[in-house]
Structures are given as C-alpha cells and as structure tokens.
2 protein chains.
Amino acid sequence: MAANSQFSIAVHVLAMVAGKSDERVKSEYLAKSVNTNPVVIRRLLCSLQEAKLVVSHVGACGGTALARKPEEIKLSEVYKAVSRGEVFALHPNKPNEDCPVGKNIEAILCGLQKEIDKTIECKLGEYTLRDVIEMVAHPA
Amino acid sequence: MAANSQFSIAVHVLAMVAGKSDERVKSEYLAKSVNTNPVVIRRLLCSLQEAKLVVSHVGACGGTALARKPEEIKLSEVYKAVSRGEVFALHPNKPNEDCPVGKNIEAILCGLQKEIDKTIECKLGEYTLRDVIEMVAHPA
DNA sequence: CATAACTGTAACAAGTATAGTTACAAATCA
DNA sequence: TGATTTGTAACTATACTTGTTACAGTTATG
C-alpha cells in the first residue's frame, strides 16, 4: 500500500479511547479491534501523545486516555500527528539544472505541494473526533 | 518515500513537451531533464496517453506531443491520470466486527477519503499546464 | 526494401518503506 | 514483591517503487 494507513488507524483508535472516557484503554484491547499487533498501536499512540492528543500511562493499570474532549480534537490535528508523507512526492532525483524546466520545476512543485497540504488540513479541520463518534453511533 | 512522485514527474514532463509544441519529444530527452531512465518516462507517458493528455508516436521520428493546448490541461486531470494511491489508506486488515467502532469505522473513513480526494481534485483543478509553464518562465 | 530510430512492454534487480513480531527494560500499582 | 503495562529496539517478511536490460513491433527515410 503506497499511502499510509496511520491516519485511519489513529481515527479508529481515538474513537475507541473516546468511547471509554472513564478508564485507561490498553494497547492490547485496541489492537484487537483494529486487528493488528499491540506494538503497532503503541507506536501510533506515541505519535498521538507527542501531538498532545492522548496521554498514556505506564505500569499496572496503565493505558491511554484522551488529552482533551473529543469535540476539541480536530481530524486535521490527527492527520498532522501521524502522516509523514505528502499527497505527492517530489522526484527524489535532482532534475537537470541545464534545462530551464528542470531548473525551476522543483520550486513550483514544492509550492503546489504546500498548497495542497494546506487544503487537506483545512478540510480535515472541519471535523472533530466528536463527529466521528457520532457517525459511528448513528451510521448513515 | 510513501507518496508517489509520478505526479511531479508528470508535470515536469508535460511542461517539457509543451515547450516543444512544434515537434515530437523523445523519451530519452525527457529522461535527461528528469534525470531518470527513458523507460520510466515511457511508462508514465502511457498513463498520460490513456488519459488523453498526450499522443505518442512509435517509430523513427516518433515521440510525444500534447493532445490538447496547455491551457486545456488541468492539473487535476494529470493527478487523476497518474496517482494510484489515496491521501490516506484504509487499514488493510479487516477491523473486528464484534466491536461497534470496528464495525462502522471503515465506511466512515472511506467516505472521508472520498471527500478529501474531491477536495484535492478541486484544488488542482484551479491550475492548468499553462500556469505551470508561466511559472517556469517567470519564477517568483 | 533495408536500415535506423522510436515506443511499448516484459522481466528482473535493487532499494526502500511498512507492518508485524519478539523481547525486554522501566514504571507503576496493589 | 509481583503482576501489569508502556516504550522501544531489533529483526523479519512483505510489498511497492524505481531503475535497468532486452527486445518486438512500428515508422520515416535514403
């Protein structure tokens, strides 16, 4: 799979954690719902914790809880927290500088890339985790 | 790199082809500017041809030309022609159906994915190949 | 018609990214 | 102290992407 599924898993996991607001949720429990390995979940939770979307606790009775209320967690924040790639990548090889197109195209594409990123962020900013929870509860 | 660089290369290549509107451009020439192998370029040109953005000719004096004027080629079309991935992937493993979140999350994420795709397409539809050519000619 | 110049495409190699797995140190609670 | 849980390193397996070689088929031209 080219694109990254981290965002999908993150939304899934956050919805689960939000659903158990009175307790700390364990990575093993989350892993069962996502159908993957607990370590995969923990790695993801580390990113979400860095972004201050969740708080995890080590040790017995440890686990993860939301750092804020679901209505205060925008999906754009989730996206930024876990997505490493961009919508399209710049070509890894340096274009030929002797060619007028090759010389300037990188900067143009880079600018376009940033614009697209901003567009996505804006769109995802329209939704909060609360919206997701409600959609889960009341499927269309 | 997670994301795909096909779009970047495609824009680069199309700008080159547009710059030589009076002749057929050869894959080897394009490969030199992009700094890659001619076969990589030809593979890409096949996708662009399927999308009716360029026309390639086999044989001696063969090569590629635009199928339409640059101002009639929207970057959204280029994107659709070459991008295989999505902004974010759904998790490949089937979520646990016994969990209310796992059961419904896929459909929600899928809908969100489509919405994002539409947003990107819309944004890229604001630019044509002509805009790119002008940016190449007059770097900001 | 023979030849040279192209594309289209198959087949394979190499590099890279992602996901999954095991293992274990460190922290925490009872 | 012992059980539990996260954080993280290390490794494997898989799959994707790019690059490369090779060659069949097509076309212009002397």
Side-chain angles (χ1 to χ4, degrees), chain A residues 1-10 12-13 17 20 23-51 53-65 67 82-86 88-95, chain B residues 1-10 12-13 17 20 23-51 53-65 67 82-86 88-95:
Chain A
M1 192 88 34
N4 96 46
S5 59
Q6 297 280 298
F7 176 74
S8 295
I9 304 181
H12 185 155
V13 160
V17 172
K20 304 229 166 195
E23 55 180 297
R24 291 174 181 169
V25 184
K26 295 174 209 17
S27 63
E28 204 181 325
Y29 174 79
L30 293 169
K32 279 213 180 93
S33 176
V34 174
N35 188 17
T36 184
N37 193 290
V39 174
V40 173
I41 298 293
R42 292 206 287 271
R43 283 200 282 242
L44 176 68
L45 288 173
C46 283
S47 303
L48 296 177
Q49 195 167 203
E50 271 178 48
L53 299 178
V54 301
V55 178
S56 293
H57 291 268
V58 164
C61 285
T64 301
V82 300
S83 81
R84 2 181 203 308
E86 287 89 13
F88 59 88
L90 299 180
H91 191 219
N93 300 358
K94 191 93 187 134
Chain B
M1 192 88 33
N4 95 48
S5 59
Q6 297 282 298
F7 176 75
S8 297
I9 305 181
H12 184 156
V13 160
V17 173
K20 305 228 165 194
E23 55 180 298
R24 290 173 182 170
V25 184
K26 294 175 211 13
S27 64
E28 204 182 324
Y29 174 79
L30 293 168
K32 279 212 180 96
S33 175
V34 175
N35 188 19
T36 185
N37 192 290
V39 175
V40 173
I41 299 293
R42 292 205 286 270
R43 282 200 281 242
L44 176 68
L45 288 173
C46 284
S47 303
L48 296 178
Q49 195 168 203
E50 271 176 49
L53 301 178
V54 301
V55 178
S56 292
H57 291 267
V58 163
C61 283
T64 301
V82 301
S83 80
R84 8 182 199 308
E86 287 89 13
F88 59 87
L90 299 181
H91 191 219
N93 300 357
K94 191 94 188 134

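Quick caveat: nothing in here was measured; it's all calculated off a predicted structure. Here is the naming used below: chain letters follow the sequence lines, and residue numbers restart at 1 for every chain.
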Does [N] have its OP1 or OP2 closer than 4.0 Å to a side-chain nitrogen or oxygen of [X]?
X: B/Ser56; N: C/dT7; result: no
X: B/Gln6; N: D/dT18; result: yes
X: A/Ser5; N: C/dA19; result: yes
X: A/Gln49; N: D/dG7; result: yes

Point to revise | Non-neighbouring partners of A/Ala65 that pass side chain to side chain contact (heavy atoms under 4.5 Å, CB included), sequence neighbours left out | key: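 With neighbours one apart ignored, the set is empty.
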Point to revise | Residues in side chain to side chain contact (heavy atoms under 4.5 Å, CB included) contact with B/Ala60, at least two apart in sequence or another chain | key: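 Listed in chain order: nothing, the list is empty.
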Donor-acceptor pairs are to be reported for all side-chain atoms of residues 34-50 of chain B against protein atoms at under 3.5 Å, with residues two or more places apart or in another chain.
| from | atom 1 | to | atom 2 | distance (Å) |
| --- | --- | --- | --- | --- |
| B/Asn35 | ND2 | A/Lys94 | O | 3.0 |
| B/Asn37 | OD1 | B/Val39 | N | 3.0 |
| B/Arg42 | NH1 | B/Ser27 | OG | 3.0 |
| B/Gln49 | OE1 | B/Ser56 | N | 2.9 |

Review point. Can you give one letter per nucleotide of nucleotides 20-30 of chain D, 5' to 3': B if a protein heavy atom sits under 4.0 Å from the base, S if only from the sugar-phosphate, - if neither?
Key: BBB--BBBS--
Review point. Base, sugar-phosphate alone, or nothing: which one does A/Asn93 contact when heavy atoms must sit under 4.0 Å apart?
Key: sugar-phosphate
Exercise for review: Report which part of the nucleic acid B/Thr64 touches: base, sugar-phosphate, or nothing (heavy-atom distance under 4.0 Å, all strands).
Suggested key: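 Nothing, no heavy atom under 4.0 Å.
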Check your understanding: Please, what dot-bracket string fits DNA chain D when only Watson-Crick and G-U pairs with both distances under 3.5 Å count, crossing ones use [ ] and pairs to another strand use |?
Key -> ||||||||||||||||||||||||||||||
**Study point:** Nearest-nucleotide 5' precedence on DNA chain D, A/Glu28 against A/His91
**Key:** A/Glu28
Revision key, fill the gap. Residue set satisfying side chain to side chain donor-acceptor pair (under 3.5 Å) with A/Ser8, at least two apart, ordered chain then number -> none
